[in-house]
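A quick write-up on the structure given underneath.
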Amino acid sequence: MIADGVRAIWCREFERDDIAADDDFFALGGQSLIMTKIQGAYIEELGVEVPMDQMFLNPTIASISAYIESSR
């Protein structure tokens with residue numbers, strides 16, 4: 001499931017394991033360096049390129065997972 005992979009990436013990059021599907025990237029303290037690392041992990045681990053604008057428009061695990069699933 002895409003959401004599980006996205007959550008694993010977020011947990012690793014934020015160095016915490018309590019991130020929920022509806023937690024906001026920016027409210028968690030997300031900034032450009034973390035976003036770039038996450039974007040690279042999407043390519044490497046999920047095999048999907050997510051444009052930066054979509055990462056801003058979909059700032060939760062649930063919303064970015066839905067975007068990734070719809071773009072496949």
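All residue numbers in this chain count up from 1 along the given sequence. Fair warning: this is a prediction, and the values are worked out from it, not measured in the lab.
Atom CD of Glu49 sits in a sparse spot, with 12 or fewer heavy atoms from other residues, nucleotides or ligands closer than 6.0 Å.
Ile68 and Ile43 are members of different hydrophobic clusters when ILVMFWY side chains are connected at heavy-atom separations under 4.5 Å.
Two residues are said to be in side-chain contact when any heavy atoms from C-beta on lie closer than 4.5 Å; Tyr67 and Met55 fail this criterion.
When hydrophobic side chains of Ile, Leu, Val, Met, Phe, Trp and Tyr are connected at separations under 4.5 Å, Leu57 ends up as a singleton with no cluster partners.
Residues passing the side chain to side chain donor-acceptor pair (under 3.5 Å) test with Asp4, sequence neighbours excluded: none. Applying the side chain to side chain contact (heavy atoms under 4.5 Å, CB included) criterion to Ala62, with sequence neighbours excluded, gives Ala21, Thr60. For Glu45, the side chain to side chain contact (heavy atoms under 4.5 Å, CB included) partners at least two apart in sequence or on another chain are Ile9, Arg12, Ala41. Annotation: side chain to side chain contact (heavy atoms under 4.5 Å, CB included) contacts of Asp23 (sequence neighbours excluded): Ile19, Ala20, Leu28. Not counting sequence neighbours, the partners of Phe14 by the ring-ring contact (aromatic ring centres under 6.0 Å, His included) test are Phe25. Qualifying side chain to side chain donor-acceptor pair (under 3.5 Å) partners for Gln54, counting only residues two or more places apart in sequence or in other chains: Asn58. Partners of Tyr42 under the side chain to side chain donor-acceptor pair (under 3.5 Å) rule, at least two apart in sequence or in another chain, are Trp10. Under the salt bridge (charged side-chain N to carboxylate O under 4.0 Å, His left out) criterion, Asp53 pairs with no residue, sequence neighbours left out. The side chain to side chain contact (heavy atoms under 4.5 Å, CB included) search around Ala27 returns Asp24, not counting sequence neighbours.
In this structure, Ser65 and Ala3 approach most closely via the heavy-atom pair OG-CA, 3.3 Å. Shortest non-hydrogen contact noted between Val48 and Ser71 is CG2-OG, 4.2 Å.
Residue pairs meeting the side chain to side chain donor-acceptor pair (under 3.5 Å) criterion with at least one partner in residues 27-41, sequence neighbours excluded, are absent.
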